[in-house]
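Notes for the one structure printed next.
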Protein chains: 2
Amino acid sequence: MKDITTFSALSEPNRLRIIELLRQGPLTVGEIAERLELRQPQASKHLRVLLEAGLVEVEAVANRRHYRLRQEPFQALDTWLESYRKVWSERFDNLDHYLQQLQRDNHQQDDVPE
Amino acid sequence: MKDITTFSALSEPNRLRIIELLRQGPLTVGEIAERLELRQPQASKHLRVLLEAGLVEVEAVANRRHYRLRQEPFQALDTWLESYRKVWSERFDNLDHYLQQLQRDNHQQDDVPE
DNA sequence: AATAAATATTCCTTTACAGGAATATTCCCT
DNA sequence: AGGGAATATTCCTGTAAAGGAATATTTATT
């Protein structure tokens with residue numbers, strides 16, 4: 001099995017869309033494919049990657065498979081971010097802060113994760 | 001300019017290492033290359049990607065270039081995670097919760113983002 | 001001005017991976 | 001048992017991207 005990280009799984013646009021869709025609740029492969037306008041095989045393939053990354057889990061119900069988000073990787077991400085929050089708060093009253101602020105103002109590449 | 005997302009930038013192992021290294025403070029290209037045992041060109045290339053992703057910023061000091069973390073993308077990630085925290089809390093007292101718990105126990109792929 | 005140090009860029013090769021189309025698999029239904 | 005629906009898998013192809021080696025660029029130094 002390959003080495004799929006949370007980041008690499010979420011780096012694919014359609015997979016990110018799947019994750020955001022599943023935020024509203026569990027869905028079937030067909031439903032996911034339909035709502036995101038993906039072909040069924042691609043939906044299955046992306047879900048496989050998300051599954052191996054541990055981002056989702058499956059529940060087999062007869063013919064269908066219900067995919068839902070798993071909580072753990074998001075918590076892990078949150079924990080990881082924690083260490084960065086500390087960084088900023090520690091540096092806040094640093095001497096560099098003023099310079100950092102100036103520097104930051106010349107940078108207008110404000111992109112969101114999605 | 002291409003479409004580099006926070007996730008795609010962090011999906012590359014060495015880039016993630018760079019980010020975690022910079023958590024301790026600004027560093028020079030040479031210092032980064034040395035500490036992570038990367039060749040200088042690769043370090044430069046990765047830093048370019050991180051720069052375009054808006055994850056880092058540069059300060060030119062004579063011959064050297066000091067790279068440091070930018071705060072914004074991490075805040076954005078945090079905001080994004082916020083919506084997922086809500087999901088879990090909303091579903092906590094749901095009827096599905098018990099089943100979800102059972103299901104989750106059969107899943108032991110606990111991997112952290114890094 | 002010439003040289004050296006630090007960094008960026010280019011070119012090349014290899015590999016990973018996404019999408020398309022077709023096919024296999026699994027499970028229900030009658 | 002046979003057919004059909006839902007899903008997974010395979011094969012193929014094109015493309016993006018990472019690493020290596022070499023080279024260009026910028027700035028300091030003497």
Side-chain angles (χ1 to χ4, degrees), chain A residues 1-22 25-68 103 107 109 114, chain B residues 1-22 25-68 103 107 109 114:
Chain A
M1 191 181 295
K2 287 155 199 170
D3 176 45
I4 305 179
T5 68
T6 296
F7 291 129
S8 71
L10 295 177
S11 70
E12 211 290 319
N14 284 323
R15 280 198 295 265
L16 184 54
R17 292 172 66 211
I18 291 179
I19 291 298
E20 303 203 320
L21 181 57
L22 289 181
L27 285 178
T28 282
V29 177
E31 295 169 328
I32 294 172
E34 184 189 2
R35 304 204 192 179
L36 299 186
E37 293 185 311
L38 300 175
R39 303 174 193 267
Q40 177 268 318
Q42 327 301 333
S44 282
K45 284 187 231 175
H46 283 311
L47 285 166
R48 186 173 182 357
V49 175
L50 292 172
L51 188 65
E52 288 178 3
L55 285 169
V56 300
E57 57 191 14
V58 218
E59 187 188 358
V61 175
N63 231 359
R64 329 260 170 107
R65 298 203 164 201
H66 297 261
Y67 284 89
R68 70 177 48 149
Q103 183 82 7
H107 259 281
Q109 2 182 0
E114 40 239 341
Chain B
M1 190 181 297
K2 287 154 198 167
D3 178 44
I4 305 177
T5 67
T6 297
F7 290 130
S8 71
L10 295 178
S11 69
E12 212 288 322
N14 284 323
R15 280 198 294 264
L16 184 54
R17 292 172 66 210
I18 291 178
I19 291 297
E20 303 202 318
L21 181 57
L22 288 181
L27 284 178
T28 280
V29 176
E31 294 169 330
I32 294 173
E34 184 188 3
R35 302 202 193 179
L36 299 186
E37 292 184 313
L38 300 175
R39 303 175 193 268
Q40 177 268 318
Q42 327 301 333
S44 281
K45 285 187 229 176
H46 284 311
L47 285 166
R48 187 176 186 352
V49 175
L50 292 172
L51 188 65
E52 287 178 3
L55 285 169
V56 300
E57 59 191 10
V58 218
E59 186 187 359
V61 176
N63 232 359
R64 327 261 170 102
R65 296 203 166 200
H66 297 261
Y67 284 88
R68 69 178 47 152
Q103 183 83 7
H107 258 279
Q109 1 181 0
E114 40 236 339

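To find a chain, count down the sequence lines: A is the first, B the second, and so on, and within it residues start at 1.
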Check this for me: A/Arg48, atom CZ, are more than 12 non-hydrogen atoms of other residues, nucleotides or ligands nearer than 6.0 Å? no

Roughly, in whole Å, what's the span from CG in A/Leu50 to P in C/dA18? 10 Å

Side chains of B/Gln42 and B/Lys45 in contact at under 4.5 Å (non-hydrogen atoms): yes

Atom-to-atom span, CG of B/Asn63 to C1' of C/dA5 - whole angstrom: 6 Å

Side chain to side chain, A/Thr28 and A/Val61, heavy atoms closer than 4.5 Å: no

Between A/Glu12 and A/Val61, whichever has its closest DNA chain C nucleotide further toward 5' is A/Glu12

Could you give the start and end, 5' to 3', of the contact zone on DNA chain D for chain A, using atoms under 4.0 Å from its heavy atoms? D/dA5 to D/dT10

Over how many whole Å does the gap from A/Arg48 atom CZ to C/dC17 atom P extend? 12 Å

Flag the pair A/Leu27 / A/Arg35 as yes when at least one side-chain heavy-atom distance between them is below 4.5 Å, and no otherwise. yes

Going by heavy atoms closer than 4.0 Å, what residues in residues 38-46 of chain A are next to DNA chain D? A/Gln40, A/Pro41, A/Ser44, A/Lys45

Rounded to the Å, how far apart are B/Glu59 CD and C/dT7 C1'? 16 Å

Spatial distance of atom CG (B/Leu21) from atom CG (B/Leu16) [nearest 0.5 Å]: 11.5 Å

What distance separates A/Arg17 CZ from A/Glu12 CD, expressed to the nearest 0.5 Å? 9.5 Å

Using whole Å, report how far CG of A/Leu16 lies from P of C/dA18. 13 Å

With side chains defined as the heavy atoms from C-beta onward, is the minimum distance between B/Leu36 and B/Asn14 less than 4.5 Å? no

Looking at B/Leu10, B/Val49, B/Val56, B/Leu47, which hits side chain to side chain contact (heavy atoms under 4.5 Å, CB included) with B/Arg15? B/Val49

